[in-house]
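Being a predicted model, the structure only gives us computed values, none of them experimental. All ligand and atom numbering here is 1-based and tracks the order in the structure.
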Amino acid sequence: MKYYSTNKQSPVVDFREATISGQAPDKGLYFPESIPSVDQELIRNIEKYSNEEIAFRVIHPYVANSIADEKLMEIVTETISFPIPLVPVNESVYSLELFHGPTLAFKDVGARFMSRCLGYFVKMGETLRHGQAGGSGQTVTVLVATSGDTGGAVANGFYNVEGVEVIILYPSGKVSPVQEKQLTTLGKNIRALEVLGSFDDCQQMVKNAFADKEVNKNRFLTSANSINVARWLPQQFYYFFAYKQWPDRNNPPVISVPSGNFGNICAGLLAKRSGLPVEHFIAACNVNDVVPEFMKTERFEPKQAIPTLSNAMDVGNPSNFVRILEIFAHSFTTLEQNLTAVSITDKETTDTISDAFKQYNYILDPHGAVGYLALKRYMGAHPGSKGIFLETAHPVKFPDAVEKHTGTRPDIPASVYNIMNNKKVTVKMKPDYKALKDYLMS
Ligand SMILES: *Cc1c(COP(=O)(O)O)cnc(C)c1O
């Protein structure tokens, strides 16, 4: 598979190069030259296939020629080594629980797949950029800014991956205690920089580093954010796993996806375009409503992000939306047939957490609650439909909101319980680029 840049000003590349460079030189996003069709036999008999086989067959056309089949199977198997259950909430609504991975967020799937692909390319001495071959033995530095979930998933995914050093910038005092432990206690090839500033400061510092020629001469820098194809594409897997567990084959599900940067739902739309039966997609947003507004007005107007309870979705300029337009060849009519976008307030979110617990004894996290309510609204307007919402984070990550609106405190899973006793190790840093540069040059 070859990938072109959505800005169309950069050369096409293969999967390996798209993974290594992250973003295209013209600042566009890489997109596959053609969308493969999944074998309809796989769809008809999906319950007969293991998750590993399904994932392998879905990703194979995107990766073939860059990674040998046997190695790809190994990567896929390690990526999905935790349960992804479809849990009934009531007779017509199901929760696809994506929070059973090591950092309790759906980002584990993409981060684990990407880290293993990059680790493989580094090991093969195939880190090639700007015509420079990096011989084997070269290290790659993954530099990433996080407001919470991304950092943990990336740290965990890359932990112990040979040849890859990870440097995570996070705003001091602005991530939750669980999230901070996930970032700062691993050690080895994972370093945490505790920036005495905001998330925007962290992001700006990272951007400056990528643009700094001197730093790039000294280190082979790459990013691990959600625009990387190796993080984006494997997110298709769990839409297939959801269908495998879906009880009504004659009546495909409506799927509601809590959305921020729109990478996750974009993977779902790609899976549908490849032949996965899905009745309709719902982009469930909080008050950061750039896409819901677009679906009304056909005008894409980025805004300043507004802080909400579902903070992983506080995105004012969702970068993956351009890929969604690409999937539908920029036809608004086709897009509308496949996608509805809904905006939900914090008050509606907490009312939903409370209602779902009272009615069905199901504990939602704030992100899942946005997905659940958006689905319920859609089903209200389309009687007879049945659906799935994606539960993207474990409720324990938001214990205060959950306790306040359900009266129960979610149980802490063993994986989290253990890290809470580990020692935090960080390098404190002023929110200025010079400090980061000194660190990277030393
Ligand atoms: C990142 C994240 C989202 C948003 O996913 P996108 O792919 O950016 O749309 C939703 N929920 C949680 C818990 C997240 O961590």
Side-chain angles (χ1 to χ4, degrees), residues 29 95-114 144-157 170 175-176 178-179 182-183 199 203 224-239 255-271 281-292 305 308-324 339 341-344 349 353 363-374 389-399 401-402 410:
L29 270 59
S95 169
L96 184 68
E97 294 186 350
L98 298 175
F99 56 72
H100 296 284
T103 74
L104 313 179
F106 81 91
K107 292 190 173 71
D108 280 327
V109 173
R112 286 164 80 77
F113 186 81
M114 181 193 161
V144 67
T146 185
S147 56
D149 272 351
T150 299
V154 168
N156 200 285
Y170 76 98
V175 303
S176 80
V178 172
Q179 289 173 328
Q182 288 176 337
L183 294 175
F199 170 64
Q203 200 153 29
N225 63 22
S226 68
I227 60 175
N228 194 301
V229 291
R231 260 193 72 185
W232 170 49
L233 294 169
Q235 296 179 126
Q236 293 177 91
F237 297 164
Y238 39 73
Y239 293 93
I255 301 184
S256 172
V257 185
S259 295
N261 219 4
F262 278 71
N264 198 0
I265 193 167
C266 183
L269 288 162
L270 187 67
F281 271 96
I282 302 167
C285 301
N286 57 31
V287 290
N288 292 285
D289 63 353
V290 173
V291 175
T308 73
L309 275 176
S310 45
N311 57 5
M313 292 151 46
D314 297 347
V315 179
N317 186 6
S319 34
N320 280 289
F321 193 67
V322 53
R323 282 188 170 134
I324 294 182
L339 180 77
V342 177
S343 168
I344 305 283
T349 303
I353 293 176
I363 300 182
L364 294 163
D365 98 289
H367 304 78
V370 171
Y372 174 91
L373 182 58
F389 67 96
L390 271 46
E391 213 349 329
T392 47
H394 196 297
V396 80
K397 284 191 146 176
F398 307 91
V402 170

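For ligand 1, the atoms closer than 4.0 angstrom to any heavy atom of S259 are 9 (O). Heavy-atom contacts of P258 reach the following atoms of ligand 1: 4 (C), 10 (C) (cutoff under 4.0 Å). Taking every non-hydrogen atom of G263 and a distance limit under 4.0 Å, the qualifying atoms of ligand 1 come out as 6 (P), 7 (O), 9 (O). The atoms of ligand 1 that sit less than 4.0 Å from any heavy atom of N264 are 7 (O).
Annotation for F389 and G368: closest pair CD1-O, 3.7 Å, computed over non-hydrogen atoms. For the residue pair G263 and W232, the shortest heavy atom distance occurs at O-CD1, 3.3 Å. Of all non-hydrogen atoms in F113 and A230, the two that sit nearest each other are CD2-O, 3.3 Å. The heavy-atom pair separating A341 from P292 by the smallest distance is CB-CA, 3.6 Å.
Annotation: atom 8 (O) of ligand 1 to nearest protein heavy atom, N261 N, 2.8 Å. At the shortest separation from atom 5 (O) of ligand 1 among protein heavy atoms lies F106 CZ, 3.4 Å. At the top of the distance list for atom 4 (C) of ligand 1, counting protein heavy atoms only, stands G260 N, 3.6 Å. Closest protein heavy atom to atom 12 (C) of ligand 1: T392 OG1, 3.4 Å.
Within the 4.0 Å heavy-atom criterion, the part of D149 lying near ligand 1 is the side chain and not the backbone. At a heavy-atom distance under 4.0 Å, no atom of Q235 approaches ligand 1.
In this model, a donor atom of one side chain and an acceptor atom of the other lie less than 3.5 Å apart for N320 and R323. Defined by atom type and a distance below 3.5 Å, a donor-acceptor pair is missing between the side-chain atoms of T103 and N156. Between the side chains of D289 and S343, not a single donor N or O lies within less than 3.5 Å of an accepting N or O.
For ligand 1, none of its N or O atoms has an N or O atom of A312 under 3.5 Å away.
Applying the side chain to side chain donor-acceptor pair (under 3.5 Å) test between D149 and each of K107, Q179, H367 identifies Q179 as the sole match.
Between M313, H367, K107, it is K107 that holds the heavy atom closest to atom 2 (C) of ligand 1.
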